[in-house]
Amino acid sequence: MRRVPWLLVLLALTGCATGPSLENRGRVTAPPGDSHHLTIGSAGFTESDLLAQMYAQLLNRAGYKTSILTVSNRELYEPALESGQIDVVPEFAATFADWLNAKTHGTDAQPVGSPDLDTTMDALRTLAAPRGLTVLAPGRAVDQNAFAVSADYAREHRLKTLSDLGASGLKVRLAAGDECVQRPYCAPGLRQEYGIDVTGVDPKGVGTTPAKRAVQQGRDQMVLTTTTDATLDQFGLVLLADDRHLQNADYVVPVVNRARAGGAGVTKALGRLNDVLTTADLADLNEQVDNWRRLPADVARAYLRDKGLLK
């Protein structure tokens with residue numbers, strides 16, 4: 001996949017940084033469009049690249065002509081989606097709902113993303129519609145925050161869930177980002193929802209190699225990562241199930257510009273992925289790119305062919 005130079009992206013998108021202009025706001029309420037030349041946006045990390053490639057290949061099969069534009073900053077690619085410079089973007093339901101909510105109501109607005117998918121989707125669609133965006137149906141794959149411990153530690157203490165860890169009374173030092181100290185999904189939530197005795201946060205980042213190694217070597221007992229982390233096995237780590245649903249519903253959802261890509265053709269083509277792509281699949285695909293050094297386009301194509309979605 002060819003990456004567009006950052007300066008060119010910045011120059012191309014700066015003019016649309018505040019969304020549709022007044023003279024174009026009629027497009028917000030226009031009937032769903034069906035342009036056959038579509039630009040797919042990627043946020044520039046492995047998972048987003050893979051999803052963008054799958055979207056493009058499914059749309060190509062359905063008769064559309066596509067190109068992929070990589071813009072790693074949501075502050076730039078979301079306005080470009082509103083203006084129609086980007087037509088389709090893979091997003092994550094709760095995260096995108098909270099981002100649009102803050103953009104609409106201010107950074108101090110109460111978050112609208114929640115662990116309940118239906119509630120989150122309702123909020124997301126309500127926020128997206130006035131901006132000329134349509135949020136398609138979520139699939140089965142979810143990229144949520146998650147917590148992992150060493151497999152030996154889990155076996156020794158018979159841990160399968162975060163509730164098990166809370167009930168064990170074990171003291172836990174958590175490898176995570178700095179924000180974990182205050183974020184409700186992290187240390188405060190683990191204490192309040194699960195009764196886990198979090199004694200401190202080791203600021204090594206979310207799912208980073210140093211964070212995982214600290215748990216592998218026993219300096220920390222648990223690491224904050226994600227449900228699609230492809231490298232846990234390499235460090236001898238296993239996820240503990242979020243059995244009380246502390247984390248928000250960050251299911252993968254396609255978001256489209258209604259005026260250009262809101263028609264039935266795009267919805268049907270991308271909806272085919274919802275029936276097959278799982279969280280485990282996404283983790284496996286990430287591993288093929290990150291660890292096996294395969295190209296996202298090749299990994300996406302092989303997966304879609306294996307699932308019977310491409311010939």
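Note that the numbering runs from 1 along the sequence shown for the chain.
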Determine whether [X] and [Y] make a side-chain contact, defined as any pair of heavy atoms from C-beta on separated by less than 4.5 Å.
| X | Y | answer |
| --- | --- | --- |
| Leu239 | Leu232 | yes |
| Glu47 | Leu282 | yes |
| Asn145 | Leu224 | yes |
| Gln85 | Asn257 | no |

Do Glu82 and Lys103 meet the salt-bridge criterion of a basic N to acidic O distance under 4.0 Å?
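Between Glu82 and Lys103 there is a salt bridge, with a charged N closer than 4.0 Å to a carboxylate O.
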The residue among Thr226, Thr227, Thr231 that forms side-chain hydrogen bond (donor to acceptor under 3.5 Å, both in side chains) with Asp229 is Thr231
Hey, can you pull the donor-acceptor pairs under 3.5 Å for the side chains in residues 296-311, sequence neighbours left out?
{"unit_1": "Asp298", "atom_1": "OD1", "unit_2": "Arg301", "atom_2": "NH1", "d": "3.2"}
{"unit_1": "Tyr303", "atom_1": "OH", "unit_2": "Val276", "atom_2": "O", "d": "3.4"}
{"unit_1": "Tyr303", "atom_1": "OH", "unit_2": "Asp281", "atom_2": "OD2", "d": "2.7"}
{"unit_1": "Arg305", "atom_1": "NE", "unit_2": "Lys311", "atom_2": "O", "d": "3.3"}

Disulfide (SG to SG under 2.5 Å) contacts in which one or both residues fall within residues 137-228, not counting sequence neighbours:
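Only Cys180-Cys186 qualify under disulfide (SG to SG under 2.5 Å).
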Please list all pairs meeting salt bridge (charged side-chain N to carboxylate O under 4.0 Å, His left out) that have one or both residues in residues 264-274, counting only residues at least two apart or in different chains.
none
Asp243: which residues meet the salt bridge (Lys or Arg N to Asp or Glu O under 4.0 Å) condition with it, sequence neighbours left out?
none
For Asp164, which residues count as a side chain to side chain donor-acceptor pair (under 3.5 Å) partner, sequence neighbours excluded?
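Asp164 satisfies side chain to side chain donor-acceptor pair (under 3.5 Å) with Thr161 once adjacent residues are dropped.
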With a 6.0 Å cut-off (strictly less than), is the heavy-atom count around OH of Tyr153, excluding the residue itself, greater than 12?
yes
Qualifying side chain to side chain donor-acceptor pair (under 3.5 Å) pairs, either residue in residues 174-194, two or more places apart
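Side chain to side chain donor-acceptor pair (under 3.5 Å) check on residues 174-194 returns Tyr194-Asp242.
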Report the C-alpha distance between Asp49 and Gln53 in whole Å, list the side-chain angles of each, state the deciding distance to 0.1 Å, and finish with yes or no for side chain to side chain donor-acceptor pair (under 3.5 Å).
CA-CA 6 Å; Asp49 288 345; Gln53 287 289 346; over 6 Å; no
Distance-only, no hydrogens or angles: does the Thr267 side chain make a donor-acceptor pair with backbone N or O of Ala264 under 3.5 Å?
no
Would Asp34 and Tyr64 count as having a side-chain donor-acceptor pair, cut-off 3.5 Å?
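Present: a donor and an acceptor within the cut-off.
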